[in-house]
Amino acid sequence: MAENRIKDGERWQLRHAAGSYWLLDMEQEHAGQRPPLSLNQAGAELWRLFRKGAESGEAADMLCRLYQIDRESAQEDVGEFLAALQKQGIVIE
């Protein structure tokens, strides 16, 4: 099992609009309750990996390959991404 699980995975939908990616809560009853989470290309790739059950190490490896960054920077980026998801209540540790 992955070390990071996405809570209510079907509830959260990744959308691409106006050159940006947005993570939307599809079960909100009232508009404006929770703003969508804006993601860049790397964030969208990370979201897709975590939806498939990837672990943090796999996600960092992907960032290293795609963006030619060092492992330490990739791990920091993954940690920041997960913290943003946790702040939105999307990831359970």
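The first residue of the sequence shown is numbered 1, and numbering continues consecutively from there. The analysis underlying the following values was restricted to heavy atoms, covering all of them including side chains, and did not include hydrogens, waters or symmetry mates. As the structure is a prediction and not an experimental result, all values here were calculated from the model.
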Within the distance-only criterion (no hydrogens, no angle test), does the side chain of Gln88 pair as donor or acceptor with the backbone N or O of Leu85 below 3.5 angstrom? no

Closest heavy-atom pair, Phe50 versus Ala59, reported as atoms and distance to 0.1 Å, is CZ-CB, 3.8 Å

Partners passing side chain to side chain donor-acceptor pair (under 3.5 Å) against Glu45 (at least two apart in sequence or in another chain): Gln41, Arg48

Heavy-atom closest pair (Ser38 atom, Trp22 atom, distance to 0.1 Å) is CB-CZ3, 3.5 Å

Quick one: closest heavy-atom pair of Ala74 and Ala60, and the distance? CB-O, 3.5 Å

Side-chain contact, heavy-atom cut-off 4.5 Å: Leu24 with Trp12? no

In this structure, CD of Glu76 is separated from CD1 of Ile69 (nearest 0.5 Å) by 9.5 Å

Contact summary for Leu37 and Ala84, nearest pair of heavy atoms: CD2-O, 4.5 Å

Could you pull out the closest heavy-atom pair between Leu39 and Leu23, with the gap in Å? CD1-CB, 4.3 Å

Tell me whether the rings of Tyr21 and His16 are parallel (<30°), tilted (30 to 60°) or perpendicular (>60°). tilted

Does the side chain to side chain contact (heavy atoms under 4.5 Å, CB included) test come out yes or no for Met62 and Leu46, once each step is laid out? CA-CA 8 Å; Met62 183 268 308; Leu46 289 172; 3.7 Å; yes

If you measure from CG on Asp61 to CG on Leu66, what distance do you get to the nearest 0.5 Å? 11.0 Å

Nearest 0.5 Å please: distance from the CH2 atom of Trp47 over to the NZ atom of Lys52. 13.5 Å

